[in-house]
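To find a chain, count down the sequence lines: A is the first, B the second, and so on, and within it residues start at 1. If you're wondering where the values come from, they're calculated on a predicted model, not measured in any experiment.
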Amino acid sequence: MKRFSWFNATSLTLGFAFLYMPMVILVIYSFNSSKLVTVWAGFSTKWYGELLQNDAFLDAAWVTIKVAVTSSTFATVLGTMAAIVLVRAGRFYGRTLFSGMIYAPLVMPEVITGLSLLLLFIGIGLDRGVLTIVLAHTTFSMCYVSVVVSSRLVSFDQSLEEAALDLGCSPFQAFRLVTLPIIAPAVISGWLLAFTLSLDDLVIAAFTAGPSATTLPMKIWSSVRLGVSPEINALSTIMIAIVATGVIAASLISKRSAVRQRAEEQAAERVEA
Amino acid sequence: MRRFFLIAVPYMWLLALFMVPFIIVFKISLSDTALAIPPYTPTLDFAAGWQGFKSFLSELDWENYVFLTEDDLYWKAYISSFKIALTSTILTLLVGYPIAYGMARAPHEWRATLLMLVILPFWTSFLIRVYSWMGILSQEGYLNQFLMSFGLISEPLIILNTNIAVYIGIVYTYLPFMILPIYSALEKMDESLLEAAEDLGCSRFTAFWLVTIPLSKQGIIAGSFLVFIPALGEFVIPSLLGGSKTLMIGKVLWEEFFSNRDWPVASAVAVILLLILVIPIILFQRNEQKQREAEG
């Protein structure tokens, strides 16, 4: 049985303390009753109450969720198509440019992506608002989706698809009945990634939003520029709680399905033996 | 036909919303600032036909780029972004390596949990993670309260709104990008190599230096680029944690655009930043390629 060495235990403890301490402090002080955020004055949930009565925040949250759901859904469809093209389409005219355009947004500074999209929208005279944010978010998150999905597509056995075609499936049926169920976990995690990226994005949204739409990160931004505020602490705590629940639930589900799969494999081996 | 459709839809989307915008940025970087809507001239007049296009081209020039070299704010901002990104990449490596090492040497049943704990912060809002340091580092913040209550310092340290706060912010937010590639390199390493080195008379430290570090080289390179490239164009961290003296090119671009409303100069700043980024991006791709070849 391997144990933690003294050195490794120390570096892991310090490392994870560094990663988690700021968020733990934020959560604790969101229950501070004092307006002076850094001075503890007793437990209170009043900042959560004020947050729920703040219409500007609620509107911004609603805009953000609408944008995130739409853009991540479009991004998943386009990104999956792009992944299939990258892995399966073979050679075609302009392939290098295509794969370049898939990988470039991953490393592009957000200020440049935001600026260039804004200049495009103004150039073609599109009114800025929810629609332009959705277009912008779809564009950069489809690239993340296609990277996630293509890594799954590479590792899966193409002869399964060929078998389905031999057995009389149309290419679309083969995709729907064979390929899609196999790559489904990657497609789902691609969607989740696109959704989080959209929820999180400040810079690109600020460039492309225009005066008629404000997303939650933009709202948080304009408030935290003035300094630390108890309402933002409360909002952060809610967001951290949602994400932590989601990630832990997802990992439990995938762990359970892994256990079930192993059990099925073992049962199959027993039958064969 | 079906194949054509499959290729054409994402291709067209990326051309229209990724490629074309860059051409527009490049074009506007060659234009002049004007007090109009949109605030630059010339604009392409389609009605004038070929003649209009010719006069449009003749009015474009490299003036904004000349301006960038003359005004020292800009090249100072490029150099200082480079320095800040490089320093924080080295710091992230120094903080991240021991964590990745500890994870790779942890008992097997712990590794999945540790991995999840590293990835979890990545899913929480970037903005909030940066914001959380404002309360810690400010003059009456938690860090100063803590240090003063133990009598370690008598005057509060001034950290927020300095470059040190920017370093802390970058190390903190990009740490998972450094840990993950190093961890995956170290995890694959055969530990009997270390035993062999020790049997042959190496001290533990020499064995680490001569065996472990070279074997994790690709992870170190990948992690460093994954931190350096986004740090170079970073905007949120220098704006929230840095001070008025913190010069970073992402912040300059933002201010040029939103405060000065000088779109042509902002576009020229963007084009140069892109040219600077091309080099590390190509180096990163080459490193990834080498790794794939080594594995396949």
Residue among [options] with most heavy-atom pairs under 4.5 Å to chain B:
| options | value |
| --- | --- |
| A:Val203, A:Ile124, A:Thr113 | A:Val203 |
| A:Gly123, A:Ala82, A:Gly79, A:Ser5 | A:Ala82 |
| A:Met21, A:Arg88, A:Glu110, A:Met108 | A:Met108 |
| A:Thr139, A:Leu14, A:Val85 | A:Thr139 |
| A:Leu115, A:Ile242, A:Ile102 | A:Leu115 |
| A:Leu193, A:Thr10, A:Ile84, A:Leu202 | A:Leu193 |

Are any non-hydrogen side-chain atoms of [X] and [Y] less than 4.5 angstrom apart?
| X | Y | value |
| --- | --- | --- |
| B:Gln285 | A:Tyr103 | yes |
| B:Phe257 | A:Val111 | no |
| A:Thr196 | B:Phe126 | no |
| A:Leu120 | B:Val25 | no |
| B:Leu277 | A:Pro109 | yes |
| B:Ile99 | A:Phe18 | no |
| B:Trp13 | A:Leu135 | yes |
| A:Leu97 | B:Met19 | yes |

[X] to [Y] - nearest heavy-atom pair and separation:
| X | Y | value |
| --- | --- | --- |
| A:Asp200 | B:Leu127 | OD1-N, 4.2 Å |
| B:Phe18 | A:Pro105 | CE1-CG, 3.5 Å |
| A:Leu19 | B:Pro121 | CD2-CG, 4.4 Å |
| A:Met81 | B:Phe5 | CE-O, 4.2 Å |
| A:Leu192 | B:Trp123 | O-CZ3, 3.7 Å |
| A:Pro22 | B:Ser132 | CB-OG, 3.3 Å |

Heavy-atom proximity to chain A below 4.5 Å, by part of [X]:
| X | value |
| --- | --- |
| B:Ala112 | neither |
| B:Pro230 | neither |
| B:Leu15 | both |
| B:Ser267 | both |

With a cut-off of 6.0 Å (strictly less than), are more than 12 heavy atoms of other residues, nucleotides or ligands near [atom1] of [X]?
| X | atom1 | value |
| --- | --- | --- |
| B:Tyr167 | OH | yes |
| B:Trp110 | CH2 | no |
| B:Phe284 | CZ | yes |
| B:Arg286 | CZ | no |

For this session: Dump the intermediate steps for side chain to side chain contact (heavy atoms under 4.5 Å, CB included) on A:Ser236 and B:Tyr131, then the final yes or no.
Result: CA-CA 9 Å; A:Ser236 307; B:Tyr131 162 75; 4.2 Å; yes
For this session: Step by step, work out the side chain to side chain contact (heavy atoms under 4.5 Å, CB included) result for B:Leu114 and A:Phe16.
Result: CA-CA 9 Å; B:Leu114 293 173; A:Phe16 284 107; 3.7 Å; yes
Please state whether the rings of [X] and [Y] are parallel, tilted or perpendicular, taking 30° and 60° as the class boundaries.
| X | Y | result |
| --- | --- | --- |
| A:Phe98 | B:Tyr11 | tilted |
| B:Phe258 | A:Phe207 | tilted |
| A:Tyr29 | B:Tyr142 | tilted |

Heavy-atom distance under 4.5 Å to chain B: side chain of [X], backbone, both or neither?
| X | value |
| --- | --- |
| A:Ala104 | both |
| A:Phe195 | neither |
| A:Asn233 | both |
| A:Leu12 | side chain |
| A:Ile122 | side chain |
| A:Leu119 | both |
| A:Leu199 | neither |
| A:Ala9 | neither |

Nearest-0.5 Å distance, [atom1] of residue [X] to [atom2] of residue [Y]:
| X | Y | atom1 | atom2 | answer |
| --- | --- | --- | --- | --- |
| A:Arg225 | B:Met134 | CZ | CE | 10.0 Å |
| A:Met23 | B:Ile128 | CE | CD1 | 9.5 Å |
| A:Leu216 | B:Ser125 | CG | OG | 8.5 Å |

Exercise. Can you tell me if B:Arg105 uses its side chain to pair, donor with acceptor, with the backbone of A:Asn8 under 3.5 Å?
Worked result: no
Among [options], which residue forms the greatest number of heavy-atom pairs with chain A at distances under 4.5 Å?
| options | result |
| --- | --- |
| B:Phe26, B:Trp133, B:Phe122 | B:Trp133 |
| B:Leu253, B:Val271, B:Leu117, B:Val95 | B:Leu117 |
| B:Ile24, B:Val269, B:Ile7 | B:Ile7 |
| B:Leu240, B:Ile249, B:Ile281 | B:Leu240 |

Exercise. Run the side chain to side chain contact (heavy atoms under 4.5 Å, CB included) check on B:Met116 and A:Ile248 step by step: do they pass?
Worked result: CA-CA 9 Å; B:Met116 198 191 80; A:Ile248 291 167; 4.2 Å; yes
Exercise. Passes side chain to side chain contact (heavy atoms under 4.5 Å, CB included), B:Leu14 versus A:Met142? Steps please.
Worked result: CA-CA 9 Å; B:Leu14 286 171; A:Met142 73 174 269; 4.0 Å; yes
Exercise. So, B:Phe235 versus A:Trp221, ring centres under 6.0 angstrom or not?
Worked result: yes
